[in-house]
Amino acid sequence: MKARCQYRFYPTDQQQQSLAQLFGCVRVVWNDALALCKRSEKLPSNNDLQKLIITQAKKTDERIWLSEVSNIPLQQSVADLGIAYKNFFDSLKGKRKGKKVGSPKFKKKTNQQSARFRIGGFSIKGNEVYLAKIGNVSPIWSRELPSSPSSVTVIKDCANRYFLSFVVEVEPESPSLRTGTMAKNQSIGIDLGIKTFAFMSNGEKAESPNYSKLDRRIRKFQKKLARQPKDSRRRNRTRIKIAKLHNKKADTRKDFLHKLSTKVVSENQAIVLEDLNVSGMVKNRKLSRAISLQGWREFRTLCEGKSEKLNRDFHVISRWEPTSQVCSDCGYKWGKLDLKVRSVQCLNCGTEHDRDENAAKNINKVGIGHCHDSKRTQRRSKTSNS
């Protein structure tokens, strides 16, 4: 299976200028190719686009500066555009699962910049990485690469941070070799929430990080940004401050989700989650901001990827399962509950449940195929009462 390993690096002033030139050339090639595709009645092939946008453009006075950077990232930019169009057409035809993919858009100078090098455009020499026409850069090796990378992407985010993202092949491994502990050979159901991010079927909880202080600072700077004139230096400084705060919030969430998903996957043989309709839930104006901050989909993706890596069983149950409407002990169905109701007592067996813990237990039972038959239990209780 393929994985990405990302490392931060600090380029010199000369390398920053070279990277800025490379990012600009990659962006121009993407925008020129996209404009040509929009004008054409039939989508050109990648070879035709490379000849028109790169090879022939270098011979003109307007695009002669494309020769000053490596040709490999320029070719990859055209190839990425072809992949973007393929995903767009597959989404229209229903061949692609998940949310629909929009048509490719033009790239902006103020957004995140990237350039991808294939084999031949980069090499690793000791602790340094050589990039064609950029030079040697020294990333911070927080961990070793599991295998030789097939490509590397140079990224500059909106907060002016630089990263190297390597694509490597990773073989599934035993968790005992990686963490020193064996799985408990049990399944676990996880009910995702807002204040308590995850409630486990074994009674454990995982509290969400507090993003309120960062949110207040972001809103403060966004109001300041709205009052500043466009293309001014002060507005640009404010924009970078906002980007840094957004990155800090994203890094906090990513760190929390990685640690939690690693703990869950390494300790349990089977992981069961519920398929949540997040796009429908964020329509609630009172909860939309809090729901968007949680990263439920990212947590699901991390659990799924780590389960595949560690040979775990990963299950996602239907969103229509009445996990919060059924007693996890006897299977009696009491119906829908208001969100304000956090605990409930079963009318059939008298057991008092915490709402989230009961839902997590039901998610676990449905995931492993041993859920109570609520209709049969409810019918049996009615017969005994009569």
Side-chain angles (χ1 to χ4, degrees), residues 4 6-11 15-38 49 53-54 63 65-66 69-70 72-88 91 99-117 131 134 137 151-167 214-215 217-219 221-254 292-293 295 297-298:
R4 283 193 175 271
Q6 185 167 291
Y7 306 89
R8 188 172 181 179
F9 73 100
Y10 297 87
Q15 289 175 343
Q16 288 184 21
Q17 294 178 6
S18 299
L19 287 172
Q21 185 180 16
L22 174 62
F23 293 144
C25 293
V26 170
R27 185 175 62 251
V28 167
V29 167
W30 171 281
N31 291 340
D32 288 349
L34 180 57
L36 180 61
C37 291
K38 288 182 178 292
L49 283 175
I53 303 301
I54 301 176
R63 296 287 187 265
W65 36 264
L66 290 176
V69 300
S70 174
I72 294 177
L74 305 183
Q75 294 174 348
Q76 286 300 122
S77 181
V78 175
D80 291 341
L81 178 63
I83 295 174
Y85 264 113
K86 181 180 182 303
N87 293 336
F88 170 60
S91 180
K99 191 176 181 180
K100 287 189 175 181
V101 178
S103 61
K105 298 181 180 179
F106 293 100
K107 291 186 176 181
K108 297 182 180 179
K109 188 176 181 180
T110 54
N111 291 350
Q112 176 177 289
Q113 307 295 314
S114 64
R116 184 150 57 97
F117 291 85
L131 302 175
I134 301 296
V137 297
S151 68
V152 59
T153 304
V154 187
I155 301 172
K156 178 189 175 186
D157 64 12
C158 298
N160 295 335
R161 299 185 302 177
Y162 293 86
F163 298 93
L164 292 178
S165 179
F166 297 93
V167 176
L214 287 171
D215 266 346
R217 293 183 62 189
I218 289 173
R219 288 198 294 269
F221 283 115
Q222 283 177 338
K223 291 179 181 178
K224 183 178 179 181
L225 185 74
R227 295 192 296 266
Q228 293 173 329
K230 291 185 177 181
D231 299 328
S232 65
R233 291 185 178 181
R234 290 186 178 182
R235 181 185 176 90
N236 189 50
R237 285 198 294 266
T238 305
R239 179 186 62 80
I240 293 176
K241 287 181 180 179
I242 295 173
K244 288 182 177 180
L245 290 173
H246 276 296
N247 285 335
K248 187 175 182 180
K249 184 168 64 174
D251 292 343
T252 302
R253 178 172 56 245
K254 186 180 296 184
S292 301
L293 285 173
R297 181 69 192 188
E298 186 178 358

Should [X] and [Y] count as side-chain neighbours, where that means a heavy-atom distance under 4.5 Å?
X	Y	answer
Val152	Leu131	yes
Val29	Ile54	yes
Asn160	Gln16	no
Gln113	Leu19	no
Val154	Leu22	no
Arg4	Thr153	yes

For [X] against [Y], the heavy-atom pair lying closest together:
X	Y	value
Trp30	Phe106	NE1-CA, 4.3 Å
Ile155	Ser165	CD1-CB, 4.1 Å
Phe23	Lys156	CE1-CB, 3.7 Å
Val26	Ser114	CG1-O, 3.7 Å
Ala84	Pro104	CB-CG, 3.8 Å
Phe88	Ser103	CD1-N, 3.5 Å

Between [atom1] of [X] and [atom2] of [Y], what distance do you get to the nearest 0.5 Å?
X	Y	atom1	atom2	result
Leu49	Cys37	CG	SG	4.5 Å
Gln6	Arg8	CD	CZ	10.5 Å
Leu66	Leu74	CG	CG	6.0 Å
Lys230	Leu225	NZ	CG	10.0 Å
Phe163	Phe9	CZ	CZ	9.5 Å
Lys105	Asn111	NZ	CG	10.5 Å

If you count heavy atoms of other groups shown closer than 6.0 angstrom to [atom1] of [X], is the number above 12?
X	atom1	result
Asp231	CG	no
Arg234	CZ	no
Arg297	CZ	no

Run the side chain to side chain contact (heavy atoms under 4.5 Å, CB included) test against Ile83 and tell me which residues pass, sequence neighbours left out.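 Scan of Ile83 (side chain to side chain contact (heavy atoms under 4.5 Å, CB included), adjacent residues dropped) gives Asp80, Asn87.
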Decide side chain to side chain contact (heavy atoms under 4.5 Å, CB included) for Leu34 and Tyr85; before the verdict, give the C-alpha distance in whole Å, the side-chain angles of both, and the deciding distance to 0.1 Å. CA-CA 10 Å; Leu34 180 57; Tyr85 264 113; 3.3 Å; yes
With sequence neighbours excluded, give me every side-chain hydrogen bond (donor to acceptor under 3.5 Å, both in side chains) pair touching residues 235-248.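 Sorted result for residues 235-248: Asp157-Asn247, Gln228-Thr238, Asn236-Arg239.
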Set of residues satisfying ring-ring contact (aromatic ring centres under 6.0 Å, His included) with respect to Phe221, sequence neighbours excluded: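 Once residues adjacent in sequence are excluded, Phe221 has no partner under the ring-ring contact (aromatic ring centres under 6.0 Å, His included) criterion.
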Is there a side chain to side chain contact (heavy atoms under 4.5 Å, CB included) between Leu293 and Lys249? Walk through the geometry before answering. CA-CA 9 Å; Leu293 285 173; Lys249 184 168 64 174; 3.7 Å; yes
